[in-house]
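As the structure is a prediction and not an experimental result, all values here were calculated from the model.
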Amino acid sequence: MKIVIANDHAGVELKKEIIAYIESLGHEVVNIGTDEAKSCHYPEYGKKAALMVAGNEVDLGVLICGTGVGISLAANKVKGIRCGVCSEATTARLIRQHNNANMIAFGARIVGPELAKDIVKAFLEAEFEGGGRHQQRIDMITAIENEQ
Ligand code: RB5
């Protein structure tokens, strides 16, 4: 798969390890930054990555900021994005299986590199269970988006 990765200044160091890890799993990574420690604004990076996912330029997206929350909030404002913040692998698996999440976010100030790798692996390996109640609920989320 082709995976976009984006982060703010808080995620620069963890991001480097995660890129190498995702590549070691056989995926292609598109890194859109930031690659600098200088303070920046996470909404810019969350939005840019989300637009790539929503536009089908990539298959899935991985976001990192201090907590994972700010950058996920920005990404979730883009139509068609379902991004969940995860601090452990079970949630990372379930947001693919049940919510058909197309982006995941986590916090570089919350999880260490090994846990982050477990989270990413669970997310990338899981598949949407499709159909039935899960699709119905995703359609309901999309309907909320379309009401705005
Ligand atoms: C930046 O200091 C920090 O606020 C940001 O990385 C993130 O945690 C916001 O949600």
Side-chain angles (χ1 to χ4, degrees), residues 1-36 38-87 89 91-108 110-111 116-148:
M1 288 190 286
K2 194 168 177 179
I3 313 295
V4 63
I5 191 162
N7 57 282
D8 72 357
H9 51 282
V12 172
E13 292 309 314
L14 179 58
K15 190 262 297 281
K16 289 177 194 165
E17 285 197 55
I18 296 302
I19 289 175
Y21 181 66
I22 294 174
E23 286 175 343
S24 80
L25 295 176
H27 303 290
E28 181 186 346
V29 179
V30 182
N31 172 23
I32 61 164
T34 181
D35 291 301
E36 293 174 22
K38 182 172 160 284
S39 182
C40 65
H41 303 303
Y42 57 78
E44 292 173 11
Y45 293 92
K47 177 185 173 187
K48 192 173 171 190
L51 287 172
M52 290 177 72
V53 174
N56 295 315
E57 289 175 56
V58 293
D59 298 297
L60 295 170
V62 174
L63 301 173
I64 311 172
C65 67
T67 59
V69 174
I71 200 162
S72 74
L73 291 175
N76 275 316
K77 295 295 179 190
V78 173
K79 235 178 183 179
I81 294 303
R82 291 175 300 279
C83 179
V85 182
C86 295
S87 299
T91 307
R93 171 173 54 81
L94 286 169
I95 66 168
R96 288 283 303 134
Q97 291 177 336
H98 290 190
N99 313 119
N100 200 12
N102 46 19
M103 301 191 83
I104 190 170
F106 47 87
I110 308 297
V111 300
K117 288 175 196 170
D118 287 348
I119 290 167
V120 167
K121 188 170 195 281
F123 180 71
L124 296 180
E125 286 184 352
E127 286 181 16
F128 180 45
E129 288 176 355
R133 68 191 194 284
H134 298 312
Q135 188 59 55
Q136 184 185 356
R137 291 162 187 164
I138 290 164
D139 291 345
M140 291 169 75
I141 294 170
T142 305
I144 297 169
E145 231 172 32
N146 291 333
E147 282 164 17
Q148 304 306 304

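Side-chain contact between H134 and N99: absent, with no pair of heavy atoms (C-beta onward) separated by less than 4.5 Å. At least one side-chain heavy atom of I95 sits under 4.5 Å from a side-chain heavy atom of F123. Looking only at side-chain heavy atoms (C-beta outward), F106 and I64 come within less than 4.5 Å of each other. Residues R96 and L60 are in side-chain contact: their nearest non-hydrogen atoms beyond the backbone lie under 4.5 Å apart.
Using a distance-only test at 3.5 Å, with no hydrogens or angles considered, a donor-acceptor pair links the side chain of R82 to the main chain of N100.
The minimum heavy-atom distance between A74 and P43, with the atom names listed, is CB-CA, 3.6 Å. Listed here is the closest heavy atom pair of H27 and L124: CD2-CD1, 3.7 Å.
Sorted by first and then second residue, the side chain to side chain donor-acceptor pair (under 3.5 Å) pairs involving residues 138-148 (not counting sequence neighbours) are K79-N146, Q135-D139.
Atoms NZ and CD, from K48 and E44 in turn, are 9.5 Å apart once rounded to the nearest 0.5 Å. Annotation: the span from L63 atom CG to Y42 atom OH amounts to 12.5 Å, rounded to 0.5 Å. Taking CG from N102 and CG from D59, the interatomic distance works out to 10.5 Å, rounded to the nearest 0.5 Å. A distance of 11.0 Å separates SG in C86 from CZ in R93, rounded to the nearest 0.5 Å.
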Please list, one pair per line, the donor and acceptor atoms closer than 3.5 Å that link side chains of residues 1-10 to other protein atoms, with sequence neighbours excluded.
| unit_1 | atom_1 | unit_2 | atom_2 | d |
| --- | --- | --- | --- | --- |
| N7 | OD1 | K15 | NZ | 2.5 |
| N7 | ND2 | T34 | O | 2.9 |
| D8 | OD1 | A10 | N | 2.9 |
| H9 | ND1 | C40 | N | 3.1 |

